[in-house]
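Just so you know, residue 1 is the first one in the sequence shown, and it goes up from there. The structure displayed is predicted, hence computed values, not measured ones.
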Amino acid sequence: MDDVIFVAGATGYTGRELVRLATARGLTTIAHVRPDSKQLAAWRDRFEAMGATVDSTPWEAGALAEAFAKWRPTVVFALLGTTRARGRAEAAEGQVSSYETVDYGLTVKLLEASAALEPKPRFVYLSSAGVPAREPRRGSYLWARFAVEQALREGDVPYTIARPSIITGPDRDDARPGERAAAVVVDGTLGLLEVLGGKRLAARYRSTTNEVLAGALLRLALDPAAAGKTVESEGLR
């Protein structure tokens, strides 16, 4: 059976690179773009030029289940996430966007649609470095990641969890100067730590690029041995 890749969060920094890499490998790739996106037409042109198919199914459980029954994905990538700045901007427009509604809520809808499909696809979840063993404050960034990871471990959908550190690069749509500055500071500190013998810790929290991360996600998705695994940042290079 040939692999069919469904990328939720395809317009994000990592998602668009994943679509590019998957289509370059000749994989059947479905790039999901939310139907209310103001740039839907532009993204459709961009992804179709790569050889991907664009899906704009609404974020509703029944609609997602129907889309999965149509596309029959063997791998579902959940690369969803919001930011505080985006949440504030959308709130000003009367929309609700938060870690709880997007990072957790939409990912769980995607997981439910995956659970309804037979055979069930591999669910590759983009989590984060630093997810704690105990439940953090509800509604926080790490809570959303923690809660999704728990849902995956308690369910029956085969999964792979990826926990990268800071994802940065000069070609982001959103400049995120604070994040880029943090990456420079963190990488510099970790470089010193590595010299002092802390190689494992340095590898775990060093920043990465979307190209490197997307390549690792695709590799893990197609590796049967990675099913049921949680892969920390050092394993995503």
Side-chain angles (χ1 to χ4, degrees), residues 4-16 18-19 22 28-40 43-44 47 52-84 86-87 89-91 93-128 131 135-136 138-163 217 221 227-228 230:
V4 177
I5 308 298
F6 187 96
V7 183
T11 64
Y13 191 52
T14 301
R16 68 189 70 169
L18 180 60
V19 172
T28 300
T29 305
I30 314 299
H32 182 268
V33 182
R34 71 179 195 270
D36 61 343
S37 172
K38 296 177 181 178
Q39 299 180 340
L40 175 58
W43 281 113
R44 187 182 303 278
F47 287 141
T53 298
V54 171
D55 177 272
S56 56
T57 299
W59 282 104
E60 300 169 359
L64 287 170
E66 289 179 9
F68 279 15
K70 172 184 177 181
W71 300 119
R72 311 296 301 177
T74 56
V75 179
V76 173
F77 287 94
L79 314 179
L80 304 167
T82 190
T83 63
R84 290 180 181 177
R86 185 180 305 159
E90 294 186 355
E93 297 177 359
Q95 301 181 50
V96 178
S97 177
S98 67
Y99 298 132
E100 190 161 352
T101 60
V102 176
D103 299 48
Y104 172 74
L106 297 188
T107 303
V108 167
K109 287 184 179 181
L110 201 65
L111 179 58
E112 290 172 348
S114 299
L117 190 64
E118 291 294 345
K120 293 178 175 57
R122 174 86 70 85
F123 196 93
V124 180
Y125 175 55
L126 186 61
S127 187
S128 172
V131 173
E135 183 174 358
R138 186 177 180 88
S140 67
Y141 175 81
L142 287 180
W143 173 85
R145 265 64 190 165
F146 173 90
V148 172
E149 289 191 11
Q150 289 293 99
L152 285 169
R153 295 190 182 100
E154 293 170 0
D156 60 355
V157 175
Y159 67 85
T160 300
I161 296 169
R163 290 178 171 177
L217 293 176
T230 297

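Put simply, the side chain of I5 reaches to within 4.5 Å of the side chain of F77, judged on heavy atoms.
Shortest non-hydrogen contact noted between V33 and W43 is CG2-CB, 4.1 Å. Among all heavy-atom pairs drawn from A115 and K120, the shortest one is O-CE, 3.3 Å. Nearest approach of S56 to R44, heavy atoms of both residues: OG-NH2, 4.0 Å. Considering all non-hydrogen atoms of both residues, V102 and G81 come closest at CG1-C, 4.2 Å. Residues A8 and W59 share a closest heavy-atom pair of CB-CH2, 4.1 Å. Of all the heavy atoms in A52 and V19, the pair that sits closest is CB-CG1, 3.9 Å.
Put simply, CZ on F146 and CD on E135 are 5.0 Å apart, with the number rounded to the nearest 0.5 Å. Distance check, rounded to the nearest 0.5 Å: CG of L79 to OG1 of T11 gives 10.0 Å. Note that CG of D55 is 6.0 Å distant from CH2 of W71, once rounded to the nearest 0.5 Å. Y104 OH to Q150 CD: the interatomic distance, rounded to the nearest 0.5 Å, is 10.5 Å.
With respect to V148, the side chain to side chain contact (heavy atoms under 4.5 Å, CB included) criterion is satisfied by exactly one of V131, T107, D103: T107.
A donor-acceptor contact shorter than 3.5 Å links the side chain of H32 to the backbone of T57. Judged by distance alone, with hydrogens and angles left aside, the side-chain atoms of S37 form no donor-acceptor pair with the main-chain N or O of R34 at under 3.5 Å. Judged by distance alone, with hydrogens and angles left aside, the side-chain atoms of R72 form a donor-acceptor pair with the main-chain N or O of E118 at under 3.5 Å. The backbone N or O of V4 sits less than 3.5 Å from a side-chain atom of T74, completing a donor-acceptor pair.
Taking 4.0 Å as the cut-off between side-chain N and carboxylate O, R153 and E149 count as a salt-bridged pair.
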Worked verdict on R122 versus T160 for side-chain hydrogen bond (donor to acceptor under 3.5 Å, both in side chains)
CA-CA 7 Å; R122 174 86 70 85; T160 300; 2.9 Å; yes
Trace of the side-chain contact (heavy atoms from CB on, under 4.5 Å) decision for L106 with T101: CA-CA 7 Å; L106 297 188; T101 60; over 6 Å; no
For a side-chain contact (heavy atoms from CB on, under 4.5 Å) check, start with the C-alpha distance between F123 and L110, then their side-chain angles and the critical distance, and finish with the verdict.
CA-CA 9 Å; F123 196 93; L110 201 65; 4.1 Å; yes
key: F68 and V76: CA distance, side-chain angles, deciding distance, side-chain contact (heavy atoms from CB on, under 4.5 Å) verdict   = CA-CA 10 Å; F68 279 15; V76 173; 3.8 Å; yes
Inset, instruction - For T230 and R163, run side-chain contact (heavy atoms from CB on, under 4.5 Å): C-alpha distance rounded to whole Å, both residues' side-chain angles, the deciding distance at 0.1 Å, then the answer. - result: CA-CA 7 Å; T230 297; R163 290 178 171 177; 3.6 Å; yes
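Between Y141 and Y99, the ring planes are perpendicular. Angles over 60° get that label, and only those under 30° would be called parallel.
Listed by chain and number, the residues in a ring-ring contact (aromatic ring centres under 6.0 Å, His included) with Y159 amount to none (sequence neighbours excluded). Shown here are the side-chain contact (heavy atoms from CB on, under 4.5 Å) partners of P58, two or more places apart in sequence or in another chain: P35, E60, A63.
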